[in-house]
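Letters A, B, ... are given to chains in the order of the sequence lines, protein chains preceding strands, and every chain is numbered from 1.
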Number of protein chains: 2
Amino acid sequence: MRTFPVCPSFNVIEANIGRVAERMRGAPVRDIVLVRLIKHLSVQISVHLNRMVRPAGLSEVGFRTLMMLYANASAGVFASQLSEAAGETRTNMTRICDDLARKGLLRRRAGTRDRRRVVLEISRKGVTLVERLLPRMWTQLDMALRVLNAREKLELERLLKNLALALDGLGPST
Amino acid sequence: MRTFPVCPSFNVIEANIGRVAERMRGAPVRDIVLVRLIKHLSVQISVHLNRMVRPAGLSEVGFRTLMMLYANASAGVFASQLSEAAGETRTNMTRICDDLARKGLLRRRAGTRDRRRVVLEISRKGVTLVERLLPRMWTQLDMALRVLNAREKLELERLLKNLALALDGLGPST
DNA sequence: TCGCGATGATTGAAAACTGAACTATCGCGA
DNA sequence: TCGCGATAGTTCAGTTTTCAATCATCGCGA
């Protein structure tokens, strides 16, 4: 099977996967490589994002949350929706919002229709911060993803979404 | 821009990214979607793997570590190599190996040539466990990735590796 | 209208992970 | 051979994340 040139940080991992296959026949090597690649990339991305927002006193998760609030600035969002949008557990979202609220970046208020719900709204200060950080993040992101052309990006998105769909379906059954 | 059908769990996220773009022109929407997709997939995969190895009393990280040890069963591995292969920090690897050692799945011994190093070796019990679990994992993995054909998998691997390479390069500079 | 199971959010305890010291050892040059 | 910066691994303290229990509120049916 042909392999591709790859970053040093992943070479070690791939070498080890190959060694597993040598010992135990039938290993779906390419599949394992894919899974590990996704994890590896996820970590790399997190590290980069963290490094970018740290100077502003935020964590990557905090920033992601704030951005989701920014997206819904006009109406505000319920906490549960927000946790879904940011991809965090509800418990964790509570803590993250605690932190953001302490920093004055968001406001919490009880829902009017349903007082169990909590409406979260980004503050003026939060908007300012997001709008200050976003352009820099976008530039970085654009630079990093320049290695792929438009067609490749589209194809990558398609493939990853197929994968996400498959994993979703696999979930509750097994 | 055309979008693809996608799992419900990611729909919310994508909708929110779209809303950010409405508010702030110039957002590289497709790029952001890609990054969030990768993170989303990484989490999904972790959940699935965890669910599979939990009954054996292992965490996903523990199993991944054990598998890397299995790959190098003949010679054993130094702890630092292992942490690199498993994609964990050295600190965390110490803790994980503590756990695996307590369960009798690996042996630790001082290196002979260099006594600072610690040689890690999978135990008989560890080998048995890995060989019991692997086939089930591979079956699951195979099922999940059946949504992609061979050509698509190869293309996905190529694209992801390109991305990994780009992020690697971006690292120390900015 | 009164209950009561269901739901949204929070809290507390525990687990997982990380960064910064610290310890022991190494290899190299004076 | 001695000393000393570098390296491997661990420990400790702090952060982040999760699970399970809890609180408050809702909506629905008797």
Side-chain angles (χ1 to χ4, degrees), chain A residues 12 39-40 42-44 46-51 53-54 57-66 68-69 76-103 106-121, chain B residues 12 39-40 42-44 46-51 53-54 57-66 68-69 76-103 106-121:
Chain A
V12 185
K39 189 197 157 54
H40 182 71
S42 175
V43 172
Q44 269 189 309
S46 265
V47 168
H48 280 295
L49 291 180
N50 260 305
R51 208 176 284 159
V53 298
R54 183 80 59 195
L58 283 180
S59 67
E60 184 246 331
V61 184
F63 179 75
R64 179 152 30 91
T65 305
L66 208 54
M68 291 300 124
L69 278 181
V77 198
F78 296 131
S80 49
Q81 294 179 303
L82 183 61
S83 72
E84 210 182 348
E88 295 291 322
T89 62
R90 257 183 325 165
T91 300
N92 204 25
M93 193 45 72
T94 296
R95 309 226 194 270
I96 293 162
C97 288
D98 283 351
D99 185 55
L100 292 176
R102 206 179 313 117
K103 288 174 176 144
L106 69 78
R107 272 186 307 277
R108 261 195 262 231
R109 59 184 172 77
T112 45
R113 265 178 63 103
D114 182 343
R115 295 226 309 285
R116 285 171 307 179
R117 288 167 180 270
V118 170
V119 179
L120 298 158
E121 238 173 325
Chain B
V12 186
K39 189 197 155 51
H40 182 72
S42 175
V43 171
Q44 269 189 309
S46 265
V47 168
H48 280 295
L49 291 181
N50 260 305
R51 207 175 286 159
V53 297
R54 184 80 60 194
L58 283 180
S59 66
E60 184 246 330
V61 185
F63 179 76
R64 179 150 30 90
T65 305
L66 209 55
M68 290 301 126
L69 279 181
V77 198
F78 296 132
S80 50
Q81 295 179 303
L82 184 60
S83 71
E84 210 182 348
E88 296 292 321
T89 61
R90 255 182 325 161
T91 301
N92 203 26
M93 194 43 72
T94 296
R95 201 182 47 77
I96 293 162
C97 288
D98 283 350
D99 186 54
L100 293 175
R102 206 178 315 116
K103 288 173 175 144
L106 69 79
R107 270 186 307 276
R108 261 195 263 232
R109 58 184 172 78
T112 45
R113 264 176 63 102
D114 181 345
R115 293 226 309 286
R116 286 171 306 179
R117 290 169 180 269
V118 170
V119 179
L120 298 158
E121 239 173 326

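- Without hydrogens or angle criteria, A:R109 side chain to A:V119 main chain gives no donor-acceptor distance under 3.5 Å.
- Pairing for C:dG19 is with D:dC12, a Watson-Crick or G-U wobble pair whose two hydrogen-bonding atom distances lie under 3.5 Å.
- Within the 4.5 Å cutoff, side-chain heavy atoms of B:N50 are placed close to those of B:S59.
- Within the 3.5 Å criterion, the main-chain N or O of A:S80 finds no donor-acceptor partner in the side chain of A:R90.
- The footprint of chain A on DNA chain C, defined by a heavy-atom cutoff below 4.0 Å, extends from C:dA6 to C:dA13.
- A straight line from CD of A:E60 to P of D:dT15 spans 19 Å, rounded to a whole angstrom.
- Map A:R95 and A:G111 each onto its nearest nucleotide of DNA chain D; the residue landing nearer the 5' end is A:R95.
- C:dA30 and D:dT1 make up a base pair, with Watson-Crick or G-U wobble contacts both under 3.5 Å.
- Atom-to-atom, CG of B:N92 to C1' of D:dT16 comes out at 13 Å; the value is rounded to the nearest Å.
- Between D:dT18 and A:T89, a contact under 4.0 Å exists linking OP1 or OP2 to a side-chain N or O.
- A salt bridge is absent between B:R95 and B:D98; no separation between the charged side-chain nitrogens and carboxylate oxygens falls under 4.0 Å.
- Counting non-hydrogen atoms under 4.0 angstrom, B:S80 reaches the backbone sugars and phosphates but no base.
- Atom CE in A:M93 sits roughly 10 Å away from atom P in D:dT17 (whole-Å rounding).
- Expressed to the nearest 0.5 Å, how far OG1 of B:T112 lies from CZ of B:R117 amounts to 11.0 Å.
- Side chain of B:K39 to main chain of A:G87: no donor-acceptor pair is present (N/O by atom type, distance under 3.5 Å, no hydrogens or angles).
- The residue among B:R90 and A:T91 whose nearest nucleotide of DNA chain D lies closer to the 5′ end is B:R90.
- Contacts of residues 113-121 of chain B with DNA chain C (heavy atom under 4.0 Å): B:D114, B:R115, B:R116.
- Rounded to the nearest 0.5 angstrom, B:T94 OG1 and B:E88 CD are separated by 11.5 Å.
- Residues passing the side chain to side chain donor-acceptor pair (under 3.5 Å) test with A:Q44, sequence neighbours excluded: B:D168.
- The heavy-atom pair separating B:A79 from B:M93 by the smallest distance is O-CG, 4.2 Å.
- The CZ-P distance, from A:R54 to D:dT15, rounds to 11 Å in whole Å.
- Separating the CD atom of B:E84 from the P atom of D:dT7 is a distance of 15 Å, rounded to the nearest angstrom.
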